Amino acid sequence: MTLVHYLVLSGILFSIGAVTVLVRRNALVAFMGVELMLNAANLMLVTFARMHGDLHGQVIAFFVMVVAAAEVVIGLAIIVSIHRTRGSASLDDANLLKN
Amino acid sequence: MTEQLVLSTGEAVLFWVLAPLMVLGALALLFARRPVHIAVSIAGVMVALAVLYIALEAPFLGVAQVVVYTGAVMMLFLFVIMLVGVDSTESLTETLAGQRWIAIVGGLGLVALTIAIVTRATFASPVGLEAANADTNPVGVARLIFGDYVFPFELTAALLITAALGALVLSHRRRLGPKRGQRETVEKKLATFAESGSATAVVSAPGPGVYARTNSADMPALAASGETLDASVTTVLRVRGQVLRDEEAAAQTGRVAMIASGAPVFDTTDEAQLEDETSEIEATATESEGAEGAEGADPAGSDHADRDDAGDSSPETDEGDER
Amino acid sequence: MQDTPLTNLAWLLIAIPLASAAVLLVGGRRTNAWGHWLGVVAAAAAALLGIGILIEMLGLPEAERIHDLHLFSWIPAGDLSVDAGLLVDPLSMTFVLLITFVGALIHVYSVAYMEHDENRRRFFAYLNLFVAAMLVLVLADSYALLFVGWEGVGLASYLLIGFWNQRTEYAVAAKKAFVMNRVGDMGMLIAMMLMFASIGAVDFETVFAAAEGTNEGILTATGLMLVLAACGKSAQFPLQAWLGDAMAGPTPVSALIHAATMVTAGVYLIVRSAPVFEGAPTAQLVAAIIGAITLLFGAIVGCAKDDIKKTLAASTMSQIGYMVLAAGLGPIGYAFAIFHLVTHGFFKAGMFLGAGSVMHGMGDEVNMRRFGALRRSMQITWITFGAGWLAILGIPPFSGFWSKDKIIEAAFVGEGWQPWVFGPIALLGAGITAFYMSRLFFMTFHGKARWKESEDSANESDKDLPVQHPHESPLLMTVPMIVLAVGSVALGGLLAIGDTFTHWLEPVTGHVEHHDPVIAIPVLIGATIAIVLAGAFIAWRQYAASAVPVTPPEGSVLTRAARVDLYQDAVNEAVFATPGARVTEVLTEADTTVVDGAARGLGSGAVGLGTWWGRLQTGFVRSYASIMVVGVVLAVVVVLATRV
């Protein structure tokens, strides 16, 4: 058991989050995948902070949390307003940008 | 500073218990059909992460993780899921050609690469945060945040305000008609009354009955003449047929009427119980009296007071009109 | 320096007709009722002002007769700074008077001639425009401004030749004149570029002052280009083909533009550029040779034409050949070139107006073989035309004698082979001129009528002849003809006796010592008159004394060639038009296949690439995300692979 195990766990969680964004059509679920990716990154930051005996990693993780909180607010507001106007929370329905 | 960090067996056990659970919880993202299940399992993952943070000598972040992610973010997710439709299950059939294969290859590639990198990299021997956390971890983190990072920290404040405003703007609905205040509402009600002559147009529906034996919402209120008023029970209960039966209500109202008149009621109940009941009833009586009588003296919410206002003033106007 | 109020108003000479043209063109149909009179008044006002300036100038000592009026800074472009200014001197005043006086007469004539044309107002607008442009041309004090007038008269000429553009052949004639003039204009432009490159200026003063010290090669090139320009405008060989077709325009136009004024602009250009030609004897020689060729060319063509206006056009070409020849002879010829130009302007304009009068009386018939014996029914026309005829023949004391005879004399002046070539050609030309002009005169006014007054003719032989009711033209037409006829009779003698005109031009052309021709002058005069009389007699015998066949006889090879203008169109067609068309076809083909092909290939290639690339733009966020993920994986793999 070493700190590398935490890093491996972080990698696995990150990959699961990434694949979620790729395969899930529901915007909310994909968004949760994004959150998981952010948390995996946080785990890695905290692990490295411990590895190097330096609290900067933790501070950065803290900022990531703050930014993630803001991002969630905006992201969910967007999802809600899209759902309100289009009646759907599917990512595939919002494909007007290709035109 | 090169003292060797040795991870305790307890931490190893903790990790090996939590890590598989976290992976399983995360996999719900890929395989669960209902968003609610996913959100709950992700909340679990967040909590487990918080535990791992604490194990990683970051108790402040662990607590923040619980507060921010589990407490705020995931709850927000749950709210939105409920807003969007809690029952919606999602089909997992892929509609984009090749998307699933790309996802599998990309995901496996990511896993393989990250694992390969972290396992093959040579790290300096771990130091641990013993020294850095000498004045406890929150103090160490605070020194950095309010020292080196004070400017970015201020910026995050701006970011959060912006996000709040952004959410307001995004969820804002434009008002389509003119705003209806109290005055407009009253005038409209009176206009309807003048047209239809029905008193229910002006009098707001009475609240459900609150009596000695029952104060549940399925108890209809009583009119002055003694009969029950169905309109006082919420529509949902009425549609479901869950309104209290008439005879039951009548029985209780009879008793309530007696109690209200001051007559002693001695039933099969024992002394202590009676004592309790009496005080309860008295309390109820004063409450209802207060509600009927004095304006503004009502200890309940203003919403309630508003309703009473309407109920009080309208009959007077009504009478004036008839005269 | 004396005060010269009228000279300072010289800009009004241009402004008045220009304003009138603008009013007539902008005013449109509303000016139909009085538009023609406005045109006449504008031309007459310019003529009066011109006369005023002339009188003022005559009151000045010779040295002060050159005025350069600065109007405004026109092209201030880096090294090239051109000011718009007017050069008022004896030479330009001679032209101003010719243009405005003859122009005014022709305006008056046109009022009656164009009476039944619904577009008369537009016609006068164009005439005024022409007068303004021609005055710009002669008054300009720089080649650049001269070029403005040069193009302006070209435009007016184009508009007036094609005035009846509802007839395709007239429109084609206008186009032909326009295109051939462009060839000359290129010469003008190149000449200006050469001047700017070598001297750094295009105004007369600087150029002429610098001409002496400039390399002869450059001067020769400039001179040759100016000669090319003159050839284009004055219908000289080899750019002569347009003038015959230009007769498509109304007859007053032919009289004013294609006889009296515009076509002489080339002569003006050569005389004005005298200092350039002084330094370029080769260019002078080329001008003289071209003049000699055109002189004979026009004369030969004139002998064979049956169309009265085309005969006159050929004659014009030939007479301008005389002028160019004189201008090419150098200082001894300049004054005579201009002199002949002036007299020619009068008598040729008079004859054109006479021809117009004949056509007016004969139902727009132009074929001389349908005329004959018109002197009885058109007496004024007959007399005025006769004055012009005698003038062009060079019978003393008519105008032409004084000017043409001087040119013939000047052609005999010189050393080496030149007098022995140019002299006889000029002499021969005079004889041929006498023949074809007499032919024209006799065929039109004398001999037996080749038309009949009425259908019920007793004579069996003239039953195929057309019915005509020839009558004299109205006063508005005859008065200008009479005035011009008076000029044809008297102007030459008036100006020539005592060398008045030569002296008058001396401030510009310089004083020239008298040179003796290689043959004694009395002999020359005698020979000229003899040969002219011989030509006229042959014409009389053939066309007045004997019957003229209504259908043209087959004629000799030369006649047939002359009838088609000595194959000028065929030559142009074969040498320039057809190969040019071939080259254009090849270039067009190359353009479509190579240039357009490359452009289209580039376009379709880009479209194909874009279409292929656009397939990636599905609009699905998940597709984009998968591209990102795969990209990240690949990038990391590459980084790792290269690092190991």
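In what follows, chains are A, B, ... by sequence order, proteins preceding strands, each numbered from 1. Everything numeric here is computed off the predicted structure, so don't read it as measured data.
- For B:M75, the CE atom counts as densely surrounded, since its 6.0 Å shell holds more than 12 non-hydrogen atoms of other residues, nucleotides or ligands.
- Summarising the local packing, CH2 of C:W11 is surrounded by 12 or fewer heavy atoms from other residues, nucleotides or ligands at distances under 6.0 Å.
- The parts of B:L110 that come within reach of chain C are both its backbone and its side chain, each placing non-hydrogen atoms under 4.5 angstrom from that chain.
- Using a 4.5 Å cut-off between heavy atoms, C:V629 contacts chain B through its side chain alone, with no backbone atom that close.
- Atom-to-atom distance recorded for B:Q99:CD and C:S626:OG is 4.5 Å, nearest 0.5 angstrom.
- Shown here is C:E169, whose CD atom has more than 12 heavy atoms of other residues, nucleotides or ligands within 6.0 Å.
- Within a 6.0 Å radius of CZ in B:F123, more than 12 heavy atoms belonging to other residues, nucleotides or ligands are found.
- Interatomic distance, B:I102 CD1 to C:I627 CD1, rounded to the nearest 0.5 Å: 7.5 Å.
- Within the 4.5 Å cutoff, side-chain heavy atoms of C:L640 are placed close to those of B:I117.
- The shortest non-hydrogen separation linking B:L113 to C:V633 is CD1-O, 3.6 Å.
- Other residues, nucleotides and ligands contribute more than 12 heavy atoms inside 6.0 Å of the CZ atom of C:F147.
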